2 protein chains.
Amino acid sequence: MTEEPGEQDRGDGVESAAPRRRAAPTIYDIAHLAGVNPSSVSRALNQPGRMSAKTESRIHDAARRLNYRVNPMARALPTGRTNMIGLVIADITNPVVFSIVRGAERAAAERDYTLVLAESEESSDRELKVAERLLQSVDGLILATSRLDDSAVTRLAEAKPLVVVNRVVDNVPGVVADVSRGITEAVDLLALFGHRSVAYLSGPERSWISHARWRSIKERCDWSRMEVTALPTASPTVEGGRGAAAAVRSSGCTAVIAYNDLIAIGLMRELGMAGLQIPRDLSVVGFDDIFGSDFTVPPLTTIQMPLQRQGARAVELILDALKEDSAPRQSESGDLLTHLVVRGSVGPPRSRSAPH
Amino acid sequence: MTEEPGEQDRGDGVESAAPRRRAAPTIYDIAHLAGVNPSSVSRALNQPGRMSAKTESRIHDAARRLNYRVNPMARALPTGRTNMIGLVIADITNPVVFSIVRGAERAAAERDYTLVLAESEESSDRELKVAERLLQSVDGLILATSRLDDSAVTRLAEAKPLVVVNRVVDNVPGVVADVSRGITEAVDLLALFGHRSVAYLSGPERSWISHARWRSIKERCDWSRMEVTALPTASPTVEGGRGAAAAVRSSGCTAVIAYNDLIAIGLMRELGMAGLQIPRDLSVVGFDDIFGSDFTVPPLTTIQMPLQRQGARAVELILDALKEDSAPRQSESGDLLTHLVVRGSVGPPRSRSAPH
DNA sequence: CCAAGCTTGTCAATCGGTTGCCAATAGCGA
DNA sequence: TCGCTATTGGCAACCGATTGACAAGCTTGG
């Protein structure tokens, strides 16, 4: 309380041994140094050109000299804008989300937004809680691998701009990749090799995207006059893939398209341990092209999703919604195409190895 | 300006087509509903028991009825606490950081903290910028894979509690795993198989942890009377491992310990393509036990780092520093042990295959 | 029966920036 | 040189919550 109360003991509450923190400079410090009113500082910093060049540069100099950074919390209060975007994912160790996170982080950072991350650990209860908590601190929310039902998503979307990834919810913008191209390529390749019977190792029953993939696969297989059946898996993981091996073998199919790469990898490993050879005994196609899918033997042929671009696009949609209030852009898959990455896990079926 | 100015047009600035957002309830709404003063609401919510049970429960009821969540920005202003922790990483697609992120996210969420993520894209300039930006909005900062030099780290640590992971910087708390146990196990296993000459494929020249690993490997090899040399790699990636294959072959060593799994995997793939067999022609040990390190053929034997625990520990250190100002705990590796995960990439050397 | 001691709740200042409104100033033409 | 308008900059309210100081209400003891 020597001179400027509140300047003296700011920083951290207790004042004993802890390393002394230097308090961050404020616009008041700048105003003092530049000899102007704090509000002028705010103006100079936020609306360049609305002030005499001389004063403006004096203020900027002072700010630079003090190494000033705006306090995002203080700014957020009156404006309601935090410059943060929330990203909720089910499981951060799922390689599928890495790319989404990266794409989102990059797109956000580029526009000076900060990404806030939260994990729902595959629980829809936790997801709701986490999303509600995040919602308070961010300008918009991305649900990357949501386990919520549509109504909950819709309700969340009422509070702040919200975008879902790889999912379609009425009236909520979504970023969905167009799987048809990749699937067409995959099915066509199998057909070319002479496969006549294919199985789809499906994902979680409640997964919108798993059904979308199945529909697309079914359609293309029908078109190619191939038999196709869906086989369930216990979980969309390596373990789930392992567990499905028996069903695959007894199904009599000669090729498999898996809901994701983890399942595909699990299946290959299990069959490999049982002495089968891939692709001689079974052709396997994965989905996503995750990190490590080329480490396997043989390397996995897989349908690559534009996950990083999807993450970036999700951020862009949020920012769009924030900027103007044009009608919320609906799920558009324009440039979000998938394509087949051909590696070693697809070949001719055992019986007839000649094409066609 | 009909009645309560500022109540009418809150929500979002522009008011045309955009989906109407409902404004979040405030403590004033609660106070109004419960018929008390806003400050009583704050007290009832934050200091339970300091108020008549009756009033308190009335306030809680009102809060629940309005589905009230505290506005973190508004709270952060007077308290200086944001309940957010920043995590800066070099490259989010590096599998090593997944586990750190997960550990940190879990530990943070458990204590009602939110994790804020930023990527430096391997650039120390960007890292500094990003860290300074984050510093404004968080209560503490974790540098997981920092490319900054010590002085920059020290300077950042002056502003807010800061923790580095897998690195030691004077006067800055760090979370460093004790590599000696894993390395001892690895070197001993190689010795047991009869290897006499080992190479270390090192990481980035400026990486503290790479040197630490090298020192530990050198020490144990000396102890075992094994020859050991360090071989440089161009980068700590699969590509870097590939590029080092030639040097490894001409070095005459029979076993390799790589700075990380990516290098090990790259090396194995390159050698495999050249017709060598692992472990017959070369034993390979990786570091980290990343996702996918068991997808390779043979599966990679690797020294597992407790990355997830390290991430969690980093958060705990921040929280400690925030709570009391006990002397900042210095890098302690107590329970952060490494250990060898034995898989298929280590075997007896070609020449003499009998142990010892 | 009254004063002292606790509870319980209210007031008001504050955190750091933003912004509408208005006064002071500068610039301009006549 | 004067008066008018276009700029420029300052004042003050406000965003939502926290918190120290204090008043009102209650209990309790002398």
Side-chain angles (χ1 to χ4, degrees), chain A residues 1 4-13 23-32 34-59 62-63 66 68-83 135-137 139, chain B residues 1 4-13 23-32 34-59 62-63 66 68-83 135-137 139:
Chain A
M1 270 202 197
E4 292 278 8
E7 281 291 336
Q8 197 58 233
D9 58 355
R10 217 172 43 200
D12 40 9
T26 71
I27 57 170
Y28 298 91
D29 300 326
I30 299 177
H32 187 74
V36 298
N37 188 285
S39 57
S40 300
V41 176
S42 175
R43 282 214 182 69
L45 262 29
N46 296 311
Q47 305 156 23
R50 315 260 289 129
M51 192 169 278
S52 87
K54 201 160 61 72
T55 317
E56 196 175 307
S57 79
R58 193 148 40 92
I59 291 175
L66 294 175
Y68 169 82
R69 321 254 120 191
V70 62
N71 178 332
M73 306 301 145
R75 165 177 285 170
L77 206 39
T79 61
R81 302 290 243 63
T82 65
N83 268 41
L135 220 38
Q136 303 291 318
S137 352
D139 293 341
Chain B
M1 270 202 199
E4 292 278 9
E7 281 292 335
Q8 199 56 234
D9 57 355
R10 218 173 43 201
D12 41 7
T26 71
I27 56 170
Y28 298 92
D29 300 326
I30 299 177
H32 187 75
V36 299
N37 189 284
S39 53
S40 300
V41 176
S42 175
R43 283 215 179 66
L45 262 30
N46 295 312
Q47 304 156 24
R50 317 260 289 128
M51 194 169 277
S52 86
K54 199 160 63 72
T55 316
E56 197 176 304
S57 79
R58 192 148 42 92
I59 291 175
L66 294 174
Y68 170 82
R69 320 254 120 191
V70 62
N71 178 333
M73 308 300 145
R75 164 176 286 172
L77 207 39
T79 61
R81 304 287 246 66
T82 64
N83 267 42
L135 219 39
Q136 303 291 318
S137 353
D139 293 341

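Chain naming here is simple, since letters A, B, ... match the order of the sequence lines and numbering starts at 1 in each. Everything numeric here is computed off the predicted structure, so don't read it as measured data.
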Show the numbers, then the answer: is there a side-chain contact (heavy atoms from CB on, under 4.5 Å) between Ile30(A) and Leu66(A)? CA-CA 7 Å; Ile30(A) 299 177; Leu66(A) 294 175; 3.9 Å; yes
Applying side-chain hydrogen bond (donor to acceptor under 3.5 Å, both in side chains) to Asn83(A) and not counting sequence neighbours gives none
Spacing of Ile27(A) atom CD1 relative to dG9(D) atom P, expressed in whole Å: 15 Å
For Ser57(A), check side chain to side chain contact (heavy atoms under 4.5 Å, CB included) against everything at least two apart and list the hits. none
Report which part of the nucleic acid Val70(B) touches: base, sugar-phosphate, or nothing (heavy-atom distance under 4.0 Å, all strands). sugar-phosphate
So, OP1 or OP2 of dG17(C): does either fall under 4.0 Å of a side-chain N or O from Ser42(A)? no
If we fit an axis to the first five pairs and another to the last five of the helix from dC1(C)-dG30(D) to dA30(C)-dT1(D), what angle do they make, to the nearest 10°? 50°
Which residues, if any, of residues 71-78 of chain B bring a heavy atom under 4.0 Å of DNA chain C? Leu77(B), Pro78(B)
Restricting to side chain to side chain contact (heavy atoms under 4.5 Å, CB included), what partner residues turn up for Ala44(A), sequence neighbours left out? Met51(A), Glu56(A), Ile59(A)
Any heavy-atom pair between the side chains of Val70(A) and Leu45(A) that's under 4.5 Å? no
Would you say Asn46(A) reaches dG17(C)'s phosphate, i.e. side-chain N/O to OP1/OP2 under 4.0 Å? no
Between the protein and nucleotides 7-13 of chain C, which nitrogen or oxygen pairs come in under 3.5 angstrom?
| unit_1 | atom_1 | unit_2 | atom_2 | d |
| --- | --- | --- | --- | --- |
| dG9(C) | OP1 | Ser52(B) | OG | 3.3 |
| dG9(C) | OP1 | Thr55(B) | OG1 | 2.2 |
| dG9(C) | OP2 | Ser52(B) | N | 3.4 |
| dT10(C) | OP2 | Asn37(B) | N | 3.1 |
| dT10(C) | OP2 | Ser40(B) | OG | 2.8 |
| dT10(C) | O4 | Arg43(B) | NH1 | 3.0 |
| dT10(C) | O4 | Arg43(B) | NH2 | 3.4 |
| dC11(C) | OP2 | Asn37(B) | ND2 | 2.8 |
| dC11(C) | N4 | Ser39(B) | OG | 3.1 |

